[in-house]
Amino acid sequence: MATLLDELSQLISALEKNEIEYAVCAGLALAIHGFARATLDIDLLIQPESLEKTYEVAKEYEFDMRGMDISSKERAVEIRRVSKIDSNGEMLPLDLLLVTKHVEDVWEDKEEIDFLGSKLSVVSREGLIKMKTLAGKPQDLADIARLENEES
């Protein structure tokens with residue numbers, strides 16, 4: 001039975017092997033930065049020109065159900081969703097957030113860290129705050145408050 005971290009690890013290894021740059025963002029990035037929160041999907045920030053190749057890699061891991069494209073307000077963040085049915089029979093979304101002019105600085109500021117014995121690219125804490133500010137949903141605002149007011 002694969003866990004969310006197992007799924008993330010497999011995807012990251014495949015992206016690295018295929019020389020596709022990425023940065024973990026959203027809920028998993030929050031956890032990587034030391035702020036545990038339940039999350040049920042994988043969110044990766046990627047360059048738009050890497051989208052088709054990322055779809056191909058994801059399909060190798062059964063992420064083959066395309067969802068609707070999502071745009072945040074003022075198209076600050078463009079999201080392409082692809083999902084799979086995991087070993088528990090549950091839907092597991094993979095959200096691919098495309099780098100736009102609004103988050104180029106977040107992309108440039110991404111960090112490479114050692115996580116569970118592997119190299120991992122993740123948006124910085126400041127980048128995470130910016131992305132969550134752009135999204136502006138209630139959970140994002142709560143996450144921002146934690147990031148700004150608590151030590152990890």
Side-chain angles (χ1 to χ4, degrees), residues 1-73 75-100 102-104 106-107 110-125 127-144 146-147:
M1 176 166 57
T3 67
L4 192 61
L5 285 179
D6 293 333
E7 296 282 357
L8 176 65
S9 180
Q10 288 177 350
L11 275 172
I12 296 309
S13 292
L15 292 173
E16 296 276 350
K17 179 179 167 189
N18 285 277
E19 299 179 350
I20 299 171
E21 286 188 83
Y22 68 90
V24 176
C25 55
L28 284 173
L30 194 70
I32 291 165
H33 284 293
F35 296 89
R37 176 171 70 76
T39 187
L40 302 172
D41 65 350
I42 297 171
D43 297 272
L44 301 175
L45 183 64
I46 63 168
Q47 289 286 351
E49 58 269 18
S50 298
L51 181 61
E52 290 306 318
K53 195 170 180 183
T54 303
Y55 279 146
E56 291 173 24
V57 168
K59 191 172 185 175
E60 293 175 25
Y61 294 91
E62 300 176 7
F63 286 93
D64 55 6
M65 295 182 292
R66 293 280 300 270
M68 289 182 50
D69 294 347
I70 304 165
S71 294
S72 69
K73 56 188 169 195
R75 301 179 70 95
V77 179
E78 294 284 326
I79 303 171
R80 304 297 180 257
R81 176 169 282 177
V82 60
S83 301
K84 72 183 275 185
I85 303 297
D86 70 14
S87 58
N88 298 321
E90 301 288 326
M91 180 82 70
L92 175 58
L94 168 61
D95 287 342
L96 303 170
L97 290 78
L98 305 180
V99 175
T100 66
H102 301 280
V103 294
E104 284 175 350
V106 173
W107 178 256
K110 66 187 183 293
E111 303 171 346
E112 193 170 282
I113 63 167
D114 183 46
F115 187 73
L116 302 176
S118 297
K119 180 176 75 165
L120 183 73
S121 180
V122 62
V123 296
S124 69
R125 189 170 168 153
L128 188 55
I129 290 170
K130 180 173 183 177
M131 291 186 79
K132 288 186 164 291
T133 301
L134 288 169
K137 296 180 293 211
Q139 182 62 61
D140 294 309
L141 300 177
D143 291 341
I144 291 167
R146 286 185 67 204
L147 284 162

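Scope of the values below: all heavy atoms of this structure, side chains included, with no hydrogens, waters or symmetry mates.
Minimum interatomic distance between Trp107 and Tyr22 (heavy atoms only, all atoms of both residues): CH2-N, 3.7 Å. Of all heavy-atom pairs spanning Arg146 and Ala36, the tightest one is NH1-O, 3.1 Å. Of all the heavy atoms in Glu7 and Lys84, the pair that sits closest is OE1-NZ, 3.1 Å. When all heavy atoms of Arg37 and Gly27 are compared, the pair lying nearest together is NH2-CA, 3.6 Å. Nearest heavy-atom pair, His102 versus Ala76, reported as atom, atom and distance to 0.1 Å: CD2-CA, 3.2 Å. Contact between Pro93 and Ser83 at its shortest, heavy atoms only, is CA-OG, 3.5 Å.
Taking CZ of Phe35 as the reference point, atom CG of Asp143 lies at 10.0 Å (rounded to 0.5 Å). The CG atom of Asp43 lies 9.0 Å from the CG atom of Leu96; values are rounded to the nearest 0.5 Å. In this structure, Thr54 OG1 and Glu21 CD are separated by 11.0 Å, a value rounded to the nearest 0.5 Å. Remark: Asp86 CG to Met91 CE distance equals 10.0 Å, nearest 0.5 Å. The line from CD of Gln10 to CD1 of Ile42 is 9.0 Å long, rounded to the nearest 0.5 Å. Annotation: the span from Glu19 atom CD to Ser50 atom OG amounts to 11.0 Å, rounded to 0.5 Å.
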Going through the distances and angles, do Leu44 and Val24 end up as a side-chain contact (heavy atoms from CB on, under 4.5 Å)?
-> CA-CA 5 Å; Leu44 301 175; Val24 176; 3.9 Å; yes

Val103/Val123 under side-chain contact (heavy atoms from CB on, under 4.5 Å): CA gap, chis, key distance, verdict = CA-CA 11 Å; Val103 294; Val123 296; over 6 Å; no

Could you give me the CA-CA distance, side-chain angles and deciding distance for Leu5 and Phe115, then say whether side-chain contact (heavy atoms from CB on, under 4.5 Å) is met?
-> CA-CA 11 Å; Leu5 285 179; Phe115 187 73; 4.1 Å; yes

So Asp64 and Lys59, salt bridge (charged side-chain N to carboxylate O under 4.0 Å, His left out) or not? Walk me through it.
-> CA-CA 5 Å; Asp64 55 6; Lys59 191 172 185 175; over 6 Å; no

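Between the side chains of Thr3 and Asp6, at least one donor N or O sits under 3.5 Å from an acceptor N or O. Using modelled atom types, one finds a donor on one side chain and an acceptor on the other under 3.5 Å when comparing Asp41 with Thr39.
At a threshold of 4.5 Å between non-hydrogen side-chain atoms, the residues Leu141 and Lys132 do not count as touching. With contacts defined as side-chain heavy-atom distances shorter than 4.5 Å, the pair Leu97/Cys25 qualifies. Residues Lys110 and Leu45 are not in side-chain contact: their nearest non-hydrogen atoms beyond the backbone lie 4.5 Å or more apart. Contact annotation: the side chain of Glu90 never approaches that of Leu40 to less than 4.5 Å [non-hydrogen atoms, C-beta and beyond]. In this structure, the side chains of Leu98 and Ile46 come closer than 4.5 Å at one or more pairs of heavy atoms. For the pair Ile129 and Thr133, the minimum side-chain heavy-atom distance is below 4.5 Å. Annotation: side chain of Leu4 is in contact with side chain of Leu92 (closest heavy-atom distance under 4.5 Å). In this structure, the side chains of Val122 and His33 come closer than 4.5 Å at one or more pairs of heavy atoms.
Checked by atom type and distance alone, the side chain of Asn18 never pairs as donor or acceptor with a backbone atom of Ile20 at under 3.5 Å.
Taking a 6.0 Å sphere around CD of Glu111, one finds it holds more than 12 heavy atoms contributed by other residues, nucleotides or ligands. Other residues, nucleotides and ligands contribute more than 12 heavy atoms inside 6.0 Å of the CD atom of Gln139. Within a 6.0 Å radius of CD in Glu112, more than 12 heavy atoms belonging to other residues, nucleotides or ligands are found.
Within the cation-pi definition used here (under 6.0 Å to the ring centroid, within 45° of the axis), Arg66 qualifies as a partner of Tyr55.
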